[in-house]
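Below: the structure, in structure tokens.
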Amino acid sequence: MPELPEVETIRRTLATHLVGERLERVEVLHPHFLVGVAADRFARLYAGARVEELGRRGKYLIVRFAAGLPAWLVHLRMTGRLYVRETAPEPGDDPHLHLRARLAGGGWLLLRDVRKFARLYLLAAGPAGGGAEAGAFPLPPGWLRLGPDALGDELTPARLERAFAGRRAPVKALLLDQRLLAGLGNIYSDEALWRARLHPARAGGSLRPAEIRRLWAAIRSLLEEAIDWRGTTFSDYLDGEGFPGGFAIRLQAYGRAGQPCRRCGSRLESLRLGGRSATFCPRCQRRATTGDRVERPRTR
DNA sequence: TGATTCCTGTCC
DNA sequence: GGACAGGAATCA
């Protein structure tokens, strides 16, 4: 599932093919992914459109066009893929192909999604990338409340500390909350907590400043390394050129429940928090804070 | 704050 | 044949 490093890799790989390129013809094969615009109108609007820039905020990919056309705001959710190819399947040959756009310079831009969760919104040009006043097209509710990008300068340890202050929800759940910080999903939240040696069930508000700083640093180094490896291909993810990422074999926690921790050898455990699985090392990631650790008798 | 929904391929 | 995977929206 594309999280920040995967979307960033898609952005970079697509940019080399699309920036300055023109969409000659746009065909909507399965309008399910389009929000707030009819398929025929969409196709007409973007026939001949020239791509100006590719951006990203959190897990959203932004395709900006010349001539004041609204940008595409794309969320690939779990199995969505946006990529370029020399050839495209004929309509009907691939039931999961949603969009194909012929490029003026040759080749195709394709949107494919097995589970039909991916969405494309239209982001009207305007101050700050289209505020609420842009209005013409509906935007995802989550976009309007999106927190600072997990790799951006706005996300500082102090900001993370404020976001966690007083929160009783497990830190794992807070890391997944895109309003607090944008870009982490289940894979990288597990990994960040493993790196920072923090138990996923710890209440966010119980983290001490030093622990939050550790978590912040873990998030940064983790995401940067994952981007260097072109993201994690666990099952479905492919980059903008159709290639898998190389970070999967470097995962330390996610998907490794029952296997030995690569730091201490203990068996990794898994529990459910807020409807998500959380995999962690019961020895490296203690529930109590280190140093002033207090064992309380467990009820139940 | 937690369950449910959307989807379908994969795994047991 | 059923549980499970999961991001985000939506409900209770």
Side-chain angles (χ1 to χ4, degrees), chain A residues 1-8 10 29-36 56-62 73-82 94-99 111-121 123 132 137-147 149-150 163-193 200-206 219 223 226 231-238 244-245 247-248 251 253-259 268-280:
Chain A
M1 29 254 119
E3 303 179 25
L4 189 152
E6 290 75 39
V7 178
E8 177 61 20
I10 292 169
L29 308 175
H30 199 309
H32 199 273
F33 70 96
L34 278 176
V35 181
R56 182 192 60 76
R57 245 187 93 188
K59 303 176 200 172
Y60 288 94
L61 184 73
I62 306 164
L73 190 58
V74 182
H75 200 306
L76 297 169
R77 296 290 187 97
M78 283 166 301
T79 52
R81 292 175 183 170
L82 189 67
D94 180 352
H96 303 308
L97 190 65
H98 293 190
L99 170 80
L111 175 65
R112 190 174 188 276
D113 184 15
V114 168
R115 289 192 205 166
K116 299 186 175 72
F117 282 2
R119 292 289 178 269
L120 189 157
Y121 305 82
L123 182 64
F137 301 100
L139 289 169
W143 171 258
L144 303 170
R145 291 177 217 145
L146 202 62
D149 190 85
F164 285 3
R167 298 292 302 265
R168 278 188 288 185
V171 59
K172 164 80 179 180
L174 297 181
L175 288 178
L176 291 172
D177 188 339
Q178 306 298 302
R179 294 170 296 187
L180 304 185
L181 71 166
L184 297 194
N186 218 26
I187 294 176
Y188 294 107
S189 56
D190 272 2
E191 294 300 308
L193 291 168
R202 287 273 303 278
S206 78
I219 291 168
L223 296 180
T232 300
T233 297
F234 199 80
S235 53
D236 295 281
Y237 161 74
L238 297 177
F247 200 67
L251 295 179
Y254 180 86
R256 298 196 66 243
Q259 297 178 49
L268 298 185
E269 293 177 7
S270 201
L271 50 82
R272 275 196 97 68
L273 291 170
R276 292 282 171 285
S277 70
T279 303
F280 66 103

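Below, read A as the first sequence line, B as the second, and so on, with proteins coming before strands; counting in each chain starts at 1.
Exactly one of A:Phe117, A:Tyr60, A:Phe33, A:Tyr121 qualifies for a ring pair (Phe, Tyr, Trp, His ring centres under 6.0 Å) with A:His75. That residue is A:Tyr60.
Think of the region where chain A sits on DNA chain B: with heavy atoms and a 4.0 Å cut, that region ends 5' and 3' at B:dT1 to B:dG9.
Atom CG of A:Leu174 and atom CG of A:Leu181 lie 9.5 Å apart (nearest 0.5 Å). Here A:Asp94 contributes atom CG and A:Leu29 contributes atom CG; the two are 9.0 Å apart, rounded to the nearest 0.5 Å.
We find that A:Arg56 and A:Asp149 are joined by a salt bridge, their nearest charged nitrogen and carboxylate oxygen being less than 4.0 Å apart.
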Given protein heavy atoms under 4.0 Å, the one-letter contact record of nucleotides 4-12 of chain C, with B base, S sugar-phosphate only and - none, is simply -BBBBSS--
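No donor-acceptor pair under 3.5 Å is formed between the side chain of A:Gln178 and the backbone N or O of A:Gly58. A:Arg81 contributes a side-chain N or O that, together with a main-chain N or O of A:Asp236, makes up a donor-acceptor pair within less than 3.5 Å.
With sequence neighbours left out, the side-chain hydrogen bond (donor to acceptor under 3.5 Å, both in side chains) criterion links A:Lys59 to no other residue.
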